[in-house]
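Below: one structure, written as structure tokens.
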Amino acid sequence: MKSFGHPIPYNPQVSRTFNVQTTTGPARRGQLATPHGTIETPVFMPVGTLATVKGIPQDLLEEIGPEIILSNTYHLFLRPGVETVRKLGGLHGFMAWPRAILTDSGGFQVFSLSDLRKVKEEGVTFRSHLDGSSHFLSPESSMAAQIGLGADIIMAFDECTEHPADARRTRESMELTLRWAARCKKYFEEHKREVPWKAGGAAASSQSPEKSATGDWQLKADSRWPTADSRQLLFGIIQGGMNLALRKESAERTIEIGFPGYAIGGLSVGEPRDLTREVVEATLQHLPVDKPRYLMGVGTPEEIVEYAAMGIDMMDCVLPTRAARHGLLFTSEGRISIKQARYAQDEAPLDPKCPCRVCQRYSRAYLRHLYAANEVLAQVLNTVHNLSFYLDTMRTVRQSISLGDTPRFPHTAER
Ligand SMILES: [Zn+2]
């Protein structure tokens, strides 16, 4: 296969461990080792839905600094299709991104298509939001898709329980998710060697996989990694709606199935924020301390700090990137809506405390002009800043935990 630039290397020697270094109250600072780099936690993962963090080329993204990004299985499943990505080396090779990637299972997106889906024991039939064509996703096909996409961390296929839902409906949904979790794990264990990663780094070689005289495996650049250990991490997802007893049961039974990490799913589905917090806090009590805990789909800068303080290790949200494209910018002085006329003559940087390349170079007046003129560069620069702000916020959170301080978000003023 023709290779553009350099192959995306991964480290086949990495041990699949999560290491909690320091705790401050319930907050934890740790490191999660993945085949494409070690992630400092608590971590915020920018969202690159269609194998791109919208508007940001990968070299610039590397400079902004995320150690892991998220991509969406549902969207990639429909376009360009898993097989295309798999043939091109998985997401790492396809999008030329050398660091870690997490894919969701497609369950949440399918859940969002409320009028276009049909849930059965076997899986979910749904219509594409692109062209109305009919598709099917099941625990097995979601696993096959995520193995083909080749993210470092992949997620069990679950049913996101709607809100509100009564106790009976919430239990039925939770039971379905548990049965699906067991099927996901079974399929994953049987197929995990099919991950399309190319060996790289110091281990890369142009030879076919074969044992050398010294007994070491030599790897061909376009071969699949031939060991018995796949090195993708499959995380389980806790459901149970807003019912704390069911959350406890979901946690216990998901842990019984056994995964190297656990996500709290089924939140941010329209419930009040106080309830989200209460469910997260209650669920955390039942999760193992030595495994990473991932809260899916949150949040504002204030919220990601708060959840890290509660003991969450991983988060993702479209907010910083989506808000940026709508001219909403997060700064150390509060939120700024750059479209406002008050910034038309403002020569100050967007955020005087931000070290990002946008704040170092451009004025608010220029950013306001770009946005008002609907220039493409407005979206790029706004996204660079918002992502930098989120990643800096998490950097500060990690420093606080190391210093024995409870992480706090100091800036809540609105502008
Ligand atoms: Zn900035």
Side-chain angles (χ1 to χ4, degrees), residues 39-49 52-70 97 99 298-308 314-401 407-415:
I39 300 155
E40 300 288 333
T41 63
V43 64
F44 177 81
M45 303 182 283
V47 176
T49 297
T52 164
V53 174
K54 289 187 199 307
I56 309 295
Q58 273 67 319
D59 52 351
L60 180 50
L61 192 59
E62 283 183 56
E63 183 192 299
I64 296 168
E67 292 165 330
I68 179 168
I69 61 172
L70 182 145
W97 174 249
R99 299 183 188 168
V298 296
T300 64
E302 293 85 351
E303 284 166 352
I304 61 172
V305 175
E306 191 183 351
Y307 290 124
M314 304 165 67
M315 287 166 273
D316 77 281
C317 194
V318 294
L319 184 59
T321 41
R322 183 174 290 167
R325 297 196 301 277
H326 291 96
L328 178 65
L329 301 164
F330 300 98
T331 79
S332 63
E333 298 173 347
R335 289 156 171 71
I336 285 182
S337 176
I338 200 65
K339 67 185 80 169
Q340 292 178 7
R342 62 197 283 198
Y343 300 118
Q345 309 286 330
D346 192 338
E347 54 187 5
L350 183 57
D351 182 348
K353 289 188 183 153
C354 177
C356 89
R357 59 158 70 196
V358 176
C359 293
Q360 293 303 308
R361 184 156 191 157
Y362 305 105
S363 63
R364 290 173 180 172
Y366 182 63
L367 294 174
R368 195 258 171 191
H369 157 71
L370 290 179
Y371 190 86
N374 201 21
E375 282 291 330
V376 171
L377 188 58
Q379 304 203 351
V380 176
L381 298 184
N382 291 349
T383 305
V384 168
H385 167 78
N386 268 2
L387 281 182
S388 300
F389 185 78
Y390 264 66
L391 294 172
D392 281 346
T393 298
M394 292 311 280
R395 222 167 271 135
T396 307
V397 163
R398 291 193 294 270
Q399 281 164 2
S400 297
I401 300 171
R408 278 196 187 84
F409 191 83
H411 316 290
T412 51
E414 299 285 335
R415 290 176 67 92

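What you see below is based on every heavy atom in this structure, not just the backbone, and it leaves out hydrogens, waters and symmetry mates. Atoms within each ligand, like the ligands themselves, are counted from 1 in listed order.
- Ring planes of Y390 and F330: perpendicular class, angle over 60° (limits at 30 and 60°).
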Quick one: side chains of residues 52-62, donor-acceptor pairs under 3.5 Å with protein atoms, not counting sequence neighbours, listed by atom name and distance.
unit_1 : atom_1 : unit_2 : atom_2 : d
Q58    : NE2    : M95    : O      : 2.8

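- For the side chain to side chain contact (heavy atoms under 4.5 Å, CB included) test, residues two or more places apart in sequence or in another chain that qualify with S388 are I64, C356, V384.
- For Q360, the CD atom sits in a packed shell: over 12 heavy atoms of surrounding residues, nucleotides or ligands are nearer than 6.0 Å.
- Here L370 pairs with Y366, E375, L377, A378, L381 under the side chain to side chain contact (heavy atoms under 4.5 Å, CB included) rule; sequence neighbours left out.
- Within the protein, the N, O or S atoms lying under 2.8 Å from the Zn ion (ligand 1) are C354 SG, C356 SG, C359 SG, H385 ND1.
- I401 and P407 make their closest contact through CG1-CG, 3.7 Å (heavy atoms, listed as atom of the first residue, atom of the second, distance).
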